[in-house]
2 protein chains.
Amino acid sequence: MVNSRFSVAIHILSLIATTSDKSQLTSDFIAGSVNTNPVVVRRMIGVLKKAGLLTSQPGIAGYELLVEPKDLTLLALYHAIDGPEQLFAIHDEPNPDCTVGRKIQRTLEGVYTSVWHAMEEQLQAQTLQDVLDQLR
Amino acid sequence: MVNSRFSVAIHILSLIATTSDKSQLTSDFIAGSVNTNPVVVRRMIGVLKKAGLLTSQPGIAGYELLVEPKDLTLLALYHAIDGPEQLFAIHDEPNPDCTVGRKIQRTLEGVYTSVWHAMEEQLQAQTLQDVLDQLR
DNA sequence: ACCTGTTGTAACTAGTATAGTTACAGGTTT
DNA sequence: AAACCTGTAACTATACTAGTTACAACAGGT
């Protein structure tokens, strides 16, 4: 199973999108909602900042979204947090002297690409706004 | 990224399906093609045996498929090797006193379920025979 | 000026998963 | 008996995740 960073990122962005009192939005407050450590939150927010999804200023409480929730697809978010592009690992260096070993990697890549593509379509079809709607 | 066991399982089954000389099919031989340790192969084969996909006998070289490659979908194989049902981890115990924290888990489950379902469809659409065809 | 509270990072740690390895009991064949 | 095999338990190296401590730098109030 893939790590929980994608889940945490969605949680953080949801909180920022729905909290009107920005001064309340400290990494400590967010960590209290996510149930993790403030540093974990700040670390993830650093990634989201680099991706241009939000802003913040050192020393000042509060984060601000730079994108409209309806314009942020979960696929874009997935790419922003640099989740794995490959879902399934392929074993290294199968034996090239073997009929199967010689072509298995390319074959598996094809299989996994089709699977990954189907996943991408689902992530593309859902936005942060859809998540917010379901949180009401 | 998910582990490489699914890839190794497909590799093993492909070898068994395409090797006519069964006495050649030792865990050592298979490990040489996959490029891993014979024990890793026997371990995986133990799982596939329990799932009823193949047979073998202690002391005797050779494995035999119990299913027709065209009847074995990659989804069935995936379930057989007990890969993770959930793709993305959801963080534990978000704060129930928070509007977002209270509903985030259920919401994320919905999102991930739709993604997982798309994946299942792709895996269901491909069989071991399809893999064998691509290996030629 | 100082104190408190904040962000942003680096560095370390505990826990866990993966895959490789060693070892060995027990079956089979010659 | 010897050589080979399967099946399994147990240990190890490596890597990743998430939690944690620590601290530099910044902001705002008193």
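Computed from a predicted structure; not experimentally measured.
Considering only side-chain N and O atoms, A:Ser4 lies nowhere under 4.0 angstrom from the phosphate OP1 or OP2 of D:dT17. The side chain of A:Thr36 places an N or O atom within less than 4.0 Å of a non-bridging phosphate oxygen (OP1 or OP2) of D:dG19. Put simply, A:Arg5 has a side-chain N or O that comes within less than 4.0 Å of OP1 or OP2 on D:dT17. A:Ser27 has no side-chain polar atom (N or O) that falls below the 4.0 Å cut-off from OP1 or OP2 of C:dT6. For A:Lys49 and C:dT7, the shortest distance from a side-chain N or O to OP1 or OP2 is not below 4.0 Å.
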Using the rule given for ring-ring contact (aromatic ring centres under 6.0 Å, His included), can you reason through B:Tyr63 versus B:Phe29, listing the C-alpha separation, both sets of side-chain angles and the distance that settles it, and then say yes or no?
CA-CA 12 Å; B:Tyr63 299 95; B:Phe29 171 81; over 10 Å; no
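Atoms CD1 and CZ, on B:Ile81 and B:Arg5 in that order, are 7.5 Å from each other to the nearest 0.5 Å.
Judged by closest nucleotide on DNA chain D, B:Gly59 is the one of A:Ile60 and B:Gly59 placed further toward the 5' end. Comparing A:Ala61 and A:Val39 against DNA chain C, the residue whose closest nucleotide sits nearer the 5' end is A:Ala61.
Side chain of A:Asn95 to main chain of A:Gly101: no donor-acceptor pair is present (N/O by atom type, distance under 3.5 Å, no hydrogens or angles).
Under the 4.5 Å side-chain criterion, counting only non-hydrogen atoms from C-beta, B:Leu74 is not in contact with B:Gln122.
The side chain of A:Pro58 has D:dC26 as its nearest neighbour among D:dC26, C:dT28, C:dG27.
Side-chain N/O atoms of B:Arg42 and base N/O atoms of C:dT21 include no donor-acceptor pair closer than 3.5 Å.
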